[in-house]
Amino acid sequence: MNANHVKKLLRDACTAHGGESGFARHIGVSVQLVNAVLRGAREPRGKVLDALGLEAVVTYRRKPSM
């Protein structure tokens with residue numbers, strides 16, 4: 001799943017709660033945080049990911065040989 005998928009899930013959750021402020025209030029964060037995640041200015045983490053049923057996973061791989 002990429003960042004665009006996460007933003008879509010977040011937008012859907014906001015819609016289900018009557019907007020960004022309703023969703024923010026529901027999970028106990030500021031509306032500014034929710035808005036920043038939707039704009040891509042902040043990475044989703046903590047309560048936002050928990051509310052979406054997600055966890056962050058970082059992966060690394062070797063570059064192809066040149």
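Numbers here simply count residues along the sequence, with the first being 1. Side chains included, hydrogens not; waters and symmetry mates left out as well; all remaining heavy atoms used. All of these numbers come straight from a predicted model, not from anything done at the bench.
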Ring pair (Phe, Tyr, Trp, His ring centres under 6.0 Å) pairs, two or more places apart, involving residues 26-49: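 Non-adjacent pairs meeting ring pair (Phe, Tyr, Trp, His ring centres under 6.0 Å): His17-His26.
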Any Leu10 side-chain heavy atom under 4.5 Å of Phe23 side chain: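 Touching, per the 4.5 Å side-chain cut-off.
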Met1 vs Leu9 side-chain heavy atoms within contact, under 4.5 Å: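 SC-SC contact between Met1 and Leu9 confirmed.
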Heavy-atom closest pair, residues Ile27 and Ala51: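 Heavy atoms only, the tightest pair is CG2-CB, 3.3 Å.
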So which residues get pulled into Val57's cluster when ILVMFWY side chains under 4.5 Å apart are joined, directly or through others?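 None; Val57 is a cluster of one.
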List, one per line, each side-chain donor-acceptor pair under 3.5 Å for residues 58-66, sequence neighbours excluded.
none

Partner set under salt bridge (Lys or Arg N to Asp or Glu O under 4.0 Å) for Lys47, not counting sequence neighbours: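 Per chain and number, Lys47 pairs via salt bridge (Lys or Arg N to Asp or Glu O under 4.0 Å) with no residue.
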Which residues pass the salt bridge (Lys or Arg N to Asp or Glu O under 4.0 Å) test with Asp12, not counting sequence neighbours?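 Only Lys8 meet the salt bridge (Lys or Arg N to Asp or Glu O under 4.0 Å) criterion with Asp12.
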Return a table of donor-acceptor pairs under 3.5 angstrom between the side chains of residues 29-43 and protein atoms on other chains or two or more places apart.
residue : atom : partner : partner atom : Å
Ser30   : OG   : Leu33   : N            : 3.0
Asn35   : OD1  : Arg39   : NE           : 2.6
Asn35   : ND2  : Glu20   : OE1          : 3.1

Can you sort out the partners of Asn4 under side-chain hydrogen bond (donor to acceptor under 3.5 Å, both in side chains), two or more places apart, ordered by chain and number?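 With sequence neighbours excluded, Asn4 shows a side-chain hydrogen bond (donor to acceptor under 3.5 Å, both in side chains) to no residue whatsoever.
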